[in-house]
Amino acid sequence: MNQKTYYIETYGCQMNVYDSELVSNMMKLSGYKQTNDLEAADAIFLNTCSIREKAEETVHNRLNNFQHLKRKKPSMLIGVLGCMAQNLKDVLLEDKPYVDIILGPDSYRNLPKIIKDRSKTSEHLVDTKLSKFEIYDDLFPARTEGVNSWVSIMRGCDKFCTFCIVPFTRGRERSRPIDSIISEIKDGVKDGFVEFTLLGQNVNSYKTPDGKFPTLLDEVAKIEGVKRLRFTSPHPRDVDDHMLQVMSKHDNICNQIHLPLQAGSDRILKRMNRTYTSTEFLNLVDKIRQYIPSCALTTDIIVGFPGETEDEFLETLSVVEKVEFNSAYMFKYSSRPGTKASQYDEHITEDEKQDRLERLIDLQLNKTLIQNKKHIGKISNVLVEKVSKKSNDQWSGRTEGGTWVVFDKTNEKIGDIIDVKIDDARGVTLFGSRTYQGYNYEVA
Ligand code: 5AD
Ligand code: SF4
């Protein structure tokens, strides 16, 4: 008999990418093999995201396309996983009766049993219980190959920012034991990965009886073969001296911090429940730069939060002006039913949100270019990651700060960390050439 196949498509954050690897592992253990051929697959999964309305719309449209596949092949299983499964199970059950399986982010362990039971029943199989304990620490993800490996260290979020659906779709914070994380990373090194990114909705709230986030960071940085270590996303409130000390102590911890600002006005920050003021955020930036002068800073910003006035938006621009982030993810506020902010009045019009977003993007692109131009004429440590999209004769790699650099191939290979002299900065990308003049280089 032919081996059964599954197809999986992932939307949203890196945690979903990681979870899709866990699901892949479980499907393989159930005897399935992965396919890219959607129409021929025996099971199709969409791992979904609810963070903004647009993310949900994309998945709804995709699911509508699957209806005709199911008509052609009624035995095909269609599964919705992740945040939308958690959040919208009733809507999905009602509007999309061809969806067979609905599993929330804490229910993947039940997948093999559910797949087996499916042959006995044609009922919908739904499991969206959130767990206080599920950390999947014994289930390692099925990775293919590459240089970057993502490692989930904690799940869930207890911060309850008023705009955010995550605490509802992913439940309470829980951290994975240090030993289990270390053994996954050691396996990753054996499989050829060189860069590791510790992952969590609130990565630096990590806390176990064996230590908090800085202790974990310190332990992971000591593992032989971990050439680069990153983490995302921290909350500014949980950045402390100990974390910055550990970062400055280890050369393999990249000098980069993603520090979500969200807004620059104190009144809006309070309404968002971010628990810091703009002055506290700016002081933190100063402190980070004292510990790690070359630290790249990236951020997330929301424009058009309910009640945000023009002057309050200008305060966001002013913080962006002062900090000079290396890059930013910028979003229009999207109301998420069930969150506290969705009940606030004074919602901002779509046109106004769009206008603010464009003004913010203009300013930030300018800042990115200013930051990138500072590299011109200098030598950067670059991890060779993939062939450049522009030419087969060029590589793309990232600096420690996370900026992409394009340069001509010589004798290096993917996974090498090399010195590149930066010649130019255009858009959000750096351009350079390999050099042997620097310090601290590895010959490929
Ligand atoms: N609307 C717009 N952006 C949001 N984010 C989270 N929730 C919303 C929302 N309701 C953004 C925040 C967060 C990033 C992952 O997504 O900036 O840091
Ligand atoms: Fe959402 Fe805030 Fe938690 Fe981040 S810290 S996941 S923005 S609630």
Side-chain angles (χ1 to χ4, degrees), residues 11-19 48-58 82-84 86-88 105 130 150 152-175 197 199-207 213 231-239 257-265 268-276 281 284 297-308 313 316 319-320 325 327-344 347-350 352-354 356-357 360-361 364:
Y11 294 87
C13 65
Q14 276 302 330
M15 188 61 94
N16 268 8
V17 176
Y18 183 88
D19 284 353
T48 62
C49 169
S50 285
I51 196 101
R52 282 169 291 274
E53 196 178 349
K54 221 161 147 200
E56 287 187 351
E57 272 168 20
T58 315
C83 290
M84 274 173 81
Q86 190 65 43
N87 202 22
L88 294 174
L130 286 172
W150 301 78
S152 163
I153 65 159
M154 56 84 68
R155 298 175 74 88
C157 177
D158 291 349
K159 294 281 195 289
F160 286 93
C161 301
T162 58
F163 51 79
C164 187
I165 196 78
V166 166
F168 304 97
T169 58
R170 292 208 165 248
R172 299 290 60 76
E173 266 175 31
R174 61 227 107 112
S175 297
T197 306
L199 203 58
Q201 261 91 29
N202 238 299
V203 77
N204 56 340
S205 301
Y206 178 90
K207 195 164 136 198
F213 183 67
F231 53 88
T232 201
S233 280
H235 192 291
R237 188 170 99 191
D238 297 324
V239 174
I257 301 181
H258 185 70
L259 203 65
L261 167 68
Q262 311 298 6
S265 138
I268 296 296
L269 284 168
K270 191 144 200 261
R271 267 163 80 88
M272 287 178 162
N273 190 30
R274 289 295 290 176
T275 68
Y276 51 82
F281 188 92
L284 179 60
L297 290 175
T298 57
T299 197
D300 291 341
I301 298 172
I302 298 175
V303 300
F305 186 78
E308 183 188 69
F313 167 67
T316 298
V319 176
V320 170
F325 294 105
S327 72
Y329 295 99
M330 296 162 276
F331 310 104
K332 288 186 273 187
Y333 169 75
S334 168
S335 179
R336 305 285 63 218
T339 59
K340 197 163 175 196
S342 71
Q343 288 154 20
Y344 291 169
H347 280 266
I348 309 297
T349 64
E350 197 51 35
E352 188 59 44
K353 283 195 250 183
Q354 185 62 31
R356 290 181 190 173
L357 181 67
L360 174 63
I361 291 175
Q364 180 52 46

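In listed order, ligands and their atoms are each counted from 1. In this chain, residues are counted from 1 in sequence order. Source: prediction; values computed, not measured.
Listed by chain and number, the residues in a ring pair (Phe, Tyr, Trp, His ring centres under 6.0 Å) with Tyr206 amount to none (sequence neighbours excluded). For Ser335, the side chain to side chain contact (heavy atoms under 4.5 Å, CB included) partners at least two apart in sequence or on another chain are Tyr333, Ser342, His347.
The main-chain N or O of Gly156 is found under 3.5 Å from a side-chain atom of Gln201 such that the two form a donor-acceptor pair. A distance-only check finds no donor-acceptor pair linking the side chain of Asn202 to the backbone of Pro234 [under 3.5 Å].
Checking Thr169 against Asn87 by side-chain atom types alone, no donor-acceptor pair falls below 3.5 Å. A side-chain donor-acceptor contact under 3.5 Å links Thr298 and His258.
If you look at ligand 1, the protein residues with a non-hydrogen atom under 4.0 Å away are Ile51, Arg52, Phe163, Gln262, Asp300, Ile302, Phe331, Lys332, Tyr333, Ser334, Arg336.
Contacts between Arg170 and ligand 2, counted as non-hydrogen atom pairs separated by less than 4.0 Å, are absent for every part of the residue.
Ligand-side atoms of ligand 2 in range of Phe163: 7 (S), range being under 4.0 angstrom from any heavy atom.
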Working for side-chain hydrogen bond (donor to acceptor under 3.5 Å, both in side chains), residues Lys159 and Ser205: CA-CA 10 Å; Lys159 294 281 195 289; Ser205 301; 3.1 Å; yes
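Salt bridge annotation for Arg271-Glu308: absent, with no cationic side-chain nitrogen under 4.0 angstrom from a carboxylate oxygen. We find that Glu56 and Arg336 are joined by a salt bridge, their nearest charged nitrogen and carboxylate oxygen being less than 4.0 Å apart.
By the 6.0 Å contact criterion, CD on Gln354 is enclosed, its count of non-hydrogen atoms from other residues, nucleotides or ligands being greater than 12.
At a cut-off of 2.8 Å, measuring from atom 3 (Fe) of ligand 2, the protein N, O or S atoms that fall short of it are Cys157 SG, waters left aside.
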